[in-house]
Every structure is written in C-alpha cells, then in structure tokens.
Amino acid sequence: MRTLVIDTATKACSVALYDGDTVIASHHEVIGRGHAERLLPLIAKLPDSGKADQIVVDVGPGSFTGIRIGVATARALGLAWDVEVTGYGCLTLVAAMARQAVGATKAVDVVMAGGHGEYFFESFDPKNLSPVGAISLTPQMLAERSQAPVVAGEIGADVTAIIGDREFINILPDAACWHLIASLRAFAPNPIYGRAPDAKLPKAKLA
C-alpha cells in the first residue's frame with residue numbers, strides 16, 4: 001500500500017511517498033512561510049505525482065496557516081483519489097525523531113514556538129506515549145512542567161535559558177520519518193491548533 005505523507009505544521013514543508021514502511025521518495029524544505037506555494041510542487045515531484053492508496057497529514061499543533069494548508073490539501077487529494085485521509089500529531093513525530101537520535105529508553109519533552117510568547121509543549125515517555133497531550137504554556141509554566149532529560153523541537157536560546165541544562169535536539173518534523181509513528185493511533189484529519197486563534201470575529205451589532 002502506498003501512503004502520501006504531508007507535513008506543513010511548522011517552518012518546514014515536507015512530503016514523502018511510502019510503499020508499506022519504505023520511503024520511495026521525499027522532499028523536505030525549511031521555508032518559514034509560503035507553504036501554499038511550495039506544497040503542491042513538492043507533491044508533484046514525487047513518483048506518480050504522489051498518487052497513493054491513503055494520505056496522512058500533520059494536524060498540529062503548530063502554525064495556524066501551515067496546518068490549514070496541509071489539512072485542506074490532504075482532504076482535497078483524498079476526495080480526488082477516493083482514498084482515506086488520517087492525521088498525526090506534530091509533537092509526536094518530533095519526539096519519535098528525537099528518540100531515534102538519542103536512544104529509545106529516554107523520556108522526551110517537545111517544545112515548539114506557539115506565538116504570543118508561549119510554547120507548545122508535550123511530554124513523552126520512553127514508549128513515545130503522552131499521558132496529557134499537547135498544551136500551550138507561558139515561559140514560567142514551561143520551566144515548571146519540563147522535566148525530561150531530553151528536550152527536542154524548535155530550540156532557541158530562549159528555550160535553553162528557560163529550561164536549563166538538558167540534552168537539546170533542534171529538530172523540525174519531517175514527513176520521511178512518519179514510519180516511526182505509523183503504528184500509533186491515527187487522528188481525524190482535523191486541525192489541532194493548540195490555542196485560540198489570533199483573529200477575533202467582530203461582535204454582532206444589535207438591531
């Protein structure tokens with residue numbers, strides 16, 4: 001079975017085409033913005049333009065715009081190809097990638113920039129399971145909650161200053177690593193933003 005994997009939830013934009021558990025082809029670019037312009041050309045560069053028997057997509061948490069683009073594209077292709085579309089967690093994939101780098105016996109905290117000075121945070125045990133799920137934390141809350149010996153994700157000087165002396169792995173999700181979490185429970189293909197949207201709808205005027 002072929003699987004198309006789409007990941008646009010962070011500064012990275014990546015796609016991968018799998019045959020079973022084997023990556024046939026993949027592309028990964030750290031672009032910051034512009035996922036809408038880059039995603040379809042990257043898919044088109046895959047063998048058979050990425051045509052697959054199923055599609056999986058990163059549903060977040062992460063960039064509001066990036067998540068929407070990835071999920072909308074996955075749903076559109078799923079409808080066009082008449083195939084199932086499912087999702088996976090952004091922080092779950094980062095934790096699995098980090099564990100592959102440092103060893104499977106260590107707990108991992110994943111930290112990603114969340115906007116407005118907050119951070120998306122999720123703690124994973126050595127089996128890559130998360131007892132609580134992703135949450136958005138202020139710097140003070142992050143300092144109190146993070147306890148794992150390994151911290152992975154979007155790690156800048158601000159994060160290292162908040163958390164202190166740990167083993168840090170600066171890493172963004174990559175669709176070509178989806179096989180690391182393929183056996184975990186699939187999510188519905190719906191965005192997980194992790195916090196309230198920045199934009200507020202105007203209040204309706206009373207008649």
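Hydrophobic cluster membership differs between V23 and M1, with clusters built from Ile, Leu, Val, Met, Phe, Trp and Tyr side chains linked at under 4.5 angstrom. With hydrophobic clusters built from ILVMFWY side chains whose heavy atoms lie under 4.5 angstrom apart, I6 does not share a cluster with I31. No continuous path of ILVMFWY side-chain contacts below 4.5 Å connects I163 to V132, so the two sit in separate hydrophobic clusters.
Annotation: the span from L4 atom CG to D48 atom CG amounts to 11.5 Å, rounded to 0.5 Å. With rounding to the nearest 0.5 angstrom, the CG atom of D58 is 9.0 Å from the CD1 atom of I192. Atom OH of residue Y119 and atom OG of residue S136 lie 10.5 Å apart, to the nearest 0.5 angstrom. Rounding to the nearest 0.5 angstrom, the gap separating the CG atom in L93 from the CD1 atom in I181 is 4.5 Å. Going from atom CZ of R145 over to atom CD1 of I135 covers 3.5 Å, rounded to the nearest 0.5 Å. Atom CZ in F121 sits 12.0 Å away from atom OG1 in T138 (nearest 0.5 Å).
Looking at R38, its side chain never comes within 3.5 Å of a backbone N or O of E29 through a donor-acceptor pair. Using modelled atom types, one side-chain atom of T8 and one backbone atom of G70 make a donor-acceptor pair closer than 3.5 Å. Judged purely by atom type and a 3.5 angstrom limit, D109 uses its side chain to pair as donor or acceptor with the backbone of Q147. In this structure, R75 contributes its side chain and V85 its backbone to no donor-acceptor pair below 3.5 Å.
Between M112 and L172 the shortest side-chain heavy-atom distance falls below 4.5 Å. Using a 4.5 Å heavy-atom cutoff, the side chains of T10 and C90 are in contact. The side-chain heavy atoms of I24 and R2, taken from C-beta on, include a pair separated by under 4.5 Å. Using a 4.5 Å cut-off on side-chain heavy atoms (C-beta onward), T65 and H35 make no contact. Residues I162 and V111 have side chains not in contact (no heavy-atom distance under 4.5 Å, counting atoms from C-beta outward). Counting only heavy atoms from C-beta outward, the side chains of I169 and I155 never approach each other to under 4.5 Å.
Taking both residues in full, the closest heavy atoms of V108 and A152 are given as CG1-CB, 4.1 Å, listed atom of the first, atom of the second, then distance. The shortest heavy-atom contact between R99 and F124 is NH2-O, 3.8 Å. Here the closest non-hydrogen pair linking S123 and P131 is O-CD, 3.7 Å. Counting all heavy atoms, side chain and backbone alike, M97 lies closest to P173 at SD-CA, 3.9 Å. Nearest heavy-atom pair across A113 and F120 is O-CD1, 3.7 Å. The nearest pair of heavy atoms linking V71 to P189 is CG1-O, 3.3 Å.
Using cut-offs of 30° and 60° on the angle between ring planes, the pair Y18 and H179 is tilted.
The stretch residues 76-95 participates, sequence neighbours left out, in these side-chain hydrogen bond (donor to acceptor under 3.5 Å, both in side chains) pairs: D7-Y88.
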Subject >> From CA spacing to verdict: side chain to side chain contact (heavy atoms under 4.5 Å, CB included), N190, V59 >> reply: CA-CA 6 Å; N190 300 319; V59 294; 6.0 Å; no
